[in-house]
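Have a look at the structure below, then the notes.
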Protein chains: 2
Amino acid sequence: MKEKSTSFDIAFRAGVSQSTVSRALRNSPLVNEATREKIQAIAKELNYKVDKNASSLRSQHSDTIALLLFEDPTNDDSAINPFFLSMLGSITRACSNRGYDLLVSFQQASEDWHADYEDSNKADGLILLGYGDYLSYEEKLLKLLDQETHFVRWGAEVKNLPLISVGCDNYQGGIEVADHIIKQGRKQVAFLGTASSHAPEFFDRYKGYCHALENHGLKVNADLQFNALYTEDAGYKAACELIASGEQFDAIFAACDLIAVGALRALQEHNITIPEQVSLVGFDDIAIASFTFPSLTTVKQDTQLAGELLVETLLTMIQGGEAKTTLIAPELVIRKSS
Amino acid sequence: MKEKSTSFDIAFRAGVSQSTVSRALRNSPLVNEATREKIQAIAKELNYKVDKNASSLRSQHSDTIALLLFEDPTNDDSAINPFFLSMLGSITRACSNRGYDLLVSFQQASEDWHADYEDSNKADGLILLGYGDYLSYEEKLLKLLDQETHFVRWGAEVKNLPLISVGCDNYQGGIEVADHIIKQGRKQVAFLGTASSHAPEFFDRYKGYCHALENHGLKVNADLQFNALYTEDAGYKAACELIASGEQFDAIFAACDLIAVGALRALQEHNITIPEQVSLVGFDDIAIASFTFPSLTTVKQDTQLAGELLVETLLTMIQGGEAKTTLIAPELVIRKSS
DNA sequence: CTGAAAGCGCTTACAG
DNA sequence: CTGAAAGCGCTTACAG
């Protein structure tokens, strides 16, 4: 490597002290304008860049955020849910708009994803992203809280913990799906997705859906709910179970698009026509949803907005401000599958 | 924030010097085993984490890699090509498997994406990712080279520059597509994609395709090549131009899947049946390709392997080893559109 | 507006 | 195997 220049080299060339160089480079108003321009010109000429390690060490903040993307341990290594990939994109953008760097890390749910990014001063705060069974993480979340780590989560609220989150209004999303399906005259709606606190987002969608069914005077048939977590395979299997169960159904609400895509495959293999015999609705609006045949009716979560809010909320916390949990409005996108 | 503990706190509690703590925490063989265990126990109890800024500053390496994802400036903000999102996923995994952190940054092609991650000591090296017009970046690449920055690129080779890259064998991919199409009896093959050094990956695919056509005694009809860059919209427009041109064609080779998806839409709007009237083949094998109707024949690039190779190559360079450019073998995936 | 000095929290020769 | 000391390259009171 070439010899790296330091602020002392610049100070020497400019004939000023190193402190003045440091000030000039950060555009401190304390520095005479001519001096500042001269110093900045020399810095540019020498290709000088402030050493982030030294500056972070001294100032005790890194202007960096860490994104921890955690996944269900049952997921295989190859595929990340496209929904989170899209969130990752919007978070990256939101950070760079604010001059923050983003450290990305994947965590198996089993690992120490509470990690040490902030403890080790690599990041000023954390974003936690993933569909998740927060029940099993409770201990780790408590530890984060205990250490006064700055962090925001994406997802459903966790009861009894004072966590700051940004999430989709899943309950409302469930209502909109059920309303839509019922408006089309369907009466026997199956739900494919784990409906328990182990999948809190799905559970909220389920509760909203149940609420809407009852509002329309329909009874919720618990036999029409089949567990499935996050993946296309899980959706395929759940739909096969549904078909094998012999229960009558004329509509399916899949807890996420990947589940819907798996269900679609199962239905087609059984020569069940969509939407004629069965309406199918998903959740997330991943890119694939526009391309399935028939295209998938689903609930869009605004990932662009979500990324902005996550970053903004976290920065508020880092700066010592009062942050609060936000819910994003879901948006029903009607396509050909319903 | 709570009082953060330092290696001196641990030294004090353990009754040893701070140097010994530092050694024990990094599992130096110089430290007595009992001492080491005692120190590590105390560190754990105090929730102590080594300060990365201090340690990187002192040791002059950060065990961090920066990923610069750059995009064509014509792209709108909302969508990142799913292919790169998938690469991002595999790179993240490959880094974490090797104990490296990953800093992610999006760059507009117009910006200083040669950036200062390594200059500022935030990262030990760079991965450059993006379809790209390397011609216009040549100056920046030269600067990276000049500064002896450690970096690997994803993509096509750049003539006359000693760059280390990992890329797909796009030329071979083009050959396989053409062979496949011709084997099906098609003779008038259109190419949708910019065929110039401004899109080197596409150009290589085009050249392989031309080579194969000629090998089969077919003449390449330059009127059947329509420019298009990276996006579904561009594919849609190019296909519309092709249809409007009045040229006869019975197959389309789209330079990437997003272009193919756009072309598919255009063909369907014109009631052209696939694959009966026209065969359609893409490139990349993004997730969407399995879900279009009909599903898309395409060329798969192994993103898992690509991520591994990119990271491995870069680490070799960082460690002062001899790294070399690698090509990944493309794999034709035949589906229903051809 | 500028400079001299301290110190952020480590790692690593050096000496024993 | 251990400790005392230097120093990585900055930022920031403090003094002028």
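Chain identifiers are assigned alphabetically (A, B, ...) following the order of the sequence lines, protein sequences preceding nucleic acid strands; residue numbering begins at 1 within each chain.
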**OP:** Let me know the distance between CG of A:Asp51 and P of C:dC8, rounded to the nearest Å.
**Re:** 18 Å

Subject >> Whole-Å gap separating P (C:dC8) and CG (B:Asn121) >> reply: 21 Å

**OP:** For A:Thr92, enumerate each residue passing the side chain to side chain donor-acceptor pair (under 3.5 Å) test, keeping only those at least two apart in sequence or located in another chain.
**Re:** none

Original post:
Can you find a heavy atom in the side chain of A:Ile127 that is under 4.5 Å from one in the side chain of A:Phe151?
Top reply: no

Original post:
Which residue pairs pass the salt bridge (charged side-chain N to carboxylate O under 4.0 Å, His left out) test with at least one member in residues 20-36 of chain B, sequence neighbours excluded?
Top reply: none

Subject >> Partner set under side chain to side chain contact (heavy atoms under 4.5 Å, CB included) for A:Ala94, not counting sequence neighbours >> reply: A:Arg98, A:Glu308, A:Val311

Original post:
Which letter, B, S or -, goes with each nucleotide of nucleotides 11-16 of chain D from 5' to 3', with contact meaning a protein heavy atom under 4.0 Å?
Top reply: BBBB--

**OP:** Could you check how far CG of A:Leu57 sits from P of D:dG9, rounded to whole Å?
**Re:** 12 Å

**OP:** Specify the separation, in whole Å, of atom CZ of A:Phe12 and atom C1' of C:dT2.
**Re:** 19 Å

Subject >> Flag side-chain contact, heavy atom, 4.5 Å: A:Val104 against A:Leu69 >> reply: no

Original post:
So which of residues 33-47 of chain B are in contact with DNA chain C, with a heavy-atom cut-off of under 4.0 Å?
Top reply: none

**OP:** Rounded off to whole Å, could you give me the OH-to-P distance for the B:Tyr48 and C:dG9 pair?
**Re:** 10 Å

Original post:
Excluding sequence neighbours, so at least two apart, what forms side chain to side chain donor-acceptor pair (under 3.5 Å) with A:Ser165?
Top reply: A:Arg153

Original post:
With sequence neighbours excluded, what pairs up with B:Ala323 under the side chain to side chain contact (heavy atoms under 4.5 Å, CB included) test?
Top reply: B:Ile164, B:Thr313, B:Thr316, B:Met317

**OP:** Name all residues meeting the side chain to side chain contact (heavy atoms under 4.5 Å, CB included) criterion together with B:Glu45; count only those two or more places apart in sequence or in a different chain, and write none if there are none.
**Re:** B:Arg13

Original post:
Applying side-chain hydrogen bond (donor to acceptor under 3.5 Å, both in side chains), which residue pairs with at least one partner in residues 56-66 of chain B are found, sequence neighbours left out?
Top reply: A:Lys122-B:Thr64, B:Gln60-B:Asn121, B:His61-B:Asp63, B:Ser62-B:Asp124

Subject >> Atom-to-atom span, CG of B:Leu30 to P of D:dC1 - whole angstrom >> reply: 8 Å

Original post:
Between atom NZ in B:Lys122 and atom P in D:dC10, what is the gap in whole Å?
Top reply: 15 Å

Subject >> First encountered from the 5' end of DNA chain D, between B:Val16 and B:Gln60 >> reply: B:Val16

Original post:
Atom CG of A:Leu310 and atom CD1 of A:Ile65: how far apart are they, to the nearest 0.5 Å?
Top reply: 9.5 Å

Subject >> Contiguous Watson-Crick or G-U pair runs (3 or more, under 3.5 Å) in DNA chain D >> reply: C:1-3 with D:14-16, C:5-12 with D:5-12, C:14-16 with D:1-3

Subject >> For B:Ser7, all residues meeting side chain to side chain contact (heavy atoms under 4.5 Å, CB included), sequence neighbours excluded >> reply: B:Gln18, B:Val21, B:Tyr48

